[in-house]
Number of protein chains: 2
Amino acid sequence: MTGRRGRPPKDADALSRDRILREALALVDEEGLAAVSMRKLARRLGVDPMSLYNHVDGKDALLDGIAEVLLAAIPAPPAEADLRETMSALAHGFRAAMLGHPRAAPLVLTRQLASMTALTPVETVLAPLLAAGFPPDRAVHGLRAVLAFLIGTLMREVEAAPTFSGTDPDGARRRLAELEASGLPAVSAAAPFLAVCDHEAEFEFGLRILLDALGAMAVR
Amino acid sequence: MTGRRGRPPKDADALSRDRILREALALVDEEGLAAVSMRKLARRLGVDPMSLYNHVDGKDALLDGIAEVLLAAIPAPPAEADLRETMSALAHGFRAAMLGHPRAAPLVLTRQLASMTALTPVETVLAPLLAAGFPPDRAVHGLRAVLAFLIGTLMREVEAAPTFSGTDPDGARRRLAELEASGLPAVSAAAPFLAVCDHEAEFEFGLRILLDALGAMAVR
DNA sequence: ACCTGAACACCGTTCAAGT
DNA sequence: ACCTGAACACCGTTCAAGT
């Protein structure tokens, strides 16, 4: 069905780095990061575990590869946008890419990536900042502040970071009761708001603060 | 030598949750998170691996326990401080606690902690916000924005998050060359600033933006 | 160039047995 | 109540052998 008339599939089921990474991402999506093993992945691909090593440099490189697949899914911002729109589009694109594979997202958010794939998004953020007149040192400063916020927010959203809350409404009742019974006065008073978390609203709130600050920096 | 005249040490080398957690933290400090195994930890304690299970609920609970040890090290802010000073003291205390055990820090920064130990710092942040007149919903909002930034920044600082830079000055030269050779114009232009990262300055920069925004929220 | 399978040195955890 | 050791079902990776 796919590629029937176009470029011939050659060996659609031949082993390749690409096919390995796609299957690995599917495995993470289905069973979570902890379930990833070279042997299980090989089983899914119908192949000897050691065959994977012909295309991938080991388990760590495999995980880096998955992270790169996620990063590559961030769309380029519209060319005619101004600085604020560009930054906002990139932040939302980053978020969407992570939420599309929440269980794999920690690979991007917590691993040191050295590859070119990680450099492309940096270029996309830096270019509009420089174009807006930011001196390079301030542009990097701004980039890093926004990135830190994005990473922290998305870690929470993807349920890898401490929140004291979630989105499921029935667990919320139980958490509310726990927080009120904590004996801590401020926690009790704010319990209804600690027990739930509107990730979307938190994201927009923090992003607005940072983009406002960037705007002020550009002017000064 | 310790506790010679005070509470008698009973069995100083008896197995206990406390002794297990201390040894586990030492193991992480020395060899990193990936090196932690129940068996190796037991070897260090001179004990059968299965003995650990009498005091700790399995490996995951062990890691949660280490995270709680780190969190417990955050000092309480001075009582006479105003809102901004309190928030700043807590943020710096959090940072210091993580930097004291950089290899263990991801346990706090990336794991969902449900325990009371994690609730105490929340109380310490929420209390001054409420005292300053924040309505509870806004106080929680502010807490979460600051926490997201702290988590993201510290992940980078602790070298678990993407930075495209480090602090070692010799690696910096190599990175600088790579960045300039990337062919990406904005990346090349900002290369000198991308190649190094003054974590302290980044931390203060982002924290100031957020505390300023909090201050503005309090007034309005 | 790519694939295979045996082998090595590990894992976390269950369970039955000891004291 | 706590500790032990054997056992089970796994790991990632090296290496020599195949095609």
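In the text below, chain A, chain B and the rest are named by the order of the sequence lines, each starting its count at 1.
A straight line from CG of B:Leu52 to C1' of D:dT4 spans 12 Å, rounded to a whole angstrom. The CG-C1' distance, from A:Asp57 to D:dT14, rounds to 14 Å in whole Å. The distance between atom CZ of B:Arg17 and atom P of D:dC3, rounded to the nearest whole Å, is 15 Å. A:Asp48 places its CG atom 14 Å from the C1' atom of D:dA16, with the value rounded to the nearest Å. In this structure, CG of A:Asn54 is placed 18 Å from P of D:dA17, rounded to the nearest angstrom. Taking atom CE of residue B:Met50 and atom P of nucleotide D:dA7, one finds them 15 Å apart after rounding to whole Å. Atom CG in A:Leu45 sits about 11 Å away from atom P in C:dT4, given to the nearest Å. Computed from coordinates, the A:Asp60 CG to D:dT13 P distance equals 7 Å when rounded to whole Å.
As judged by a 4.0 angstrom heavy-atom cut-off over every strand, A:Ser51 is placed among the base-contacting residues. Among the heavy atoms of the strands lying under 4.0 Å from B:Met38 are primed sugar atoms or P, OP1, OP2 only; no base atom is included.
Remark: D:dC3 base-pairs with no nucleotide in the shown strands. Criterion, Watson-Crick or G-U wobble with two distances under 3.5 Å. Nucleotide D:dC8: paired with C:dG12 (Watson-Crick or G-U wobble, both distances less than 3.5 Å).
In this structure, B:Arg43 reaches the C:dC11 phosphate: one of its side-chain N or O atoms is under 4.0 Å from OP1 or OP2.
Counting non-hydrogen atoms of neighbouring residues, nucleotides and ligands closer than 6.0 angstrom, the CG atom of B:Asp57 reaches no more than 12 such neighbours.
Between A:Met155 and B:Leu109, the shortest heavy-atom distance links the atoms CE-O, 3.7 Å. The two residues A:Leu27 and A:Ala35 come nearest to each other via the heavy atoms CD2-O, 4.5 Å.
Between B:Lys59 and A:Val47, it is A:Val47 whose nearest contact on DNA chain C lies nearer the 5' terminus.
Nearest to the side chain of B:Ser37, among C:dG12, C:dT4, D:dC2, sits C:dG12. For B:Leu15, whose side chain is taken as the heavy atoms from C-beta onward, the closest listed nucleotide among C:dT13, C:dC2, D:dC3 is D:dC3. With C:dT4, D:dC3, C:dC3 as the choices, the nucleotide that has an atom nearest any side-chain atom of A:His55 turns out to be C:dC3. Checking D:dC11, D:dA6, C:dC11 against the side-chain heavy atoms of B:Arg39 singles out C:dC11 as nearest.
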Original post:
What do the steps show when you test A:Glu202 against A:Arg95 for salt bridge (Lys or Arg N to Asp or Glu O under 4.0 Å), and what is the final call?
Top reply: CA-CA 12 Å; A:Glu202 297 290 344; A:Arg95 176 166 183 256; over 6 Å; no
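Taking the six-membered ring for Trp and the full ring otherwise, the centers of A:His92 and A:Phe203 sit less than 6.0 Å from each other.
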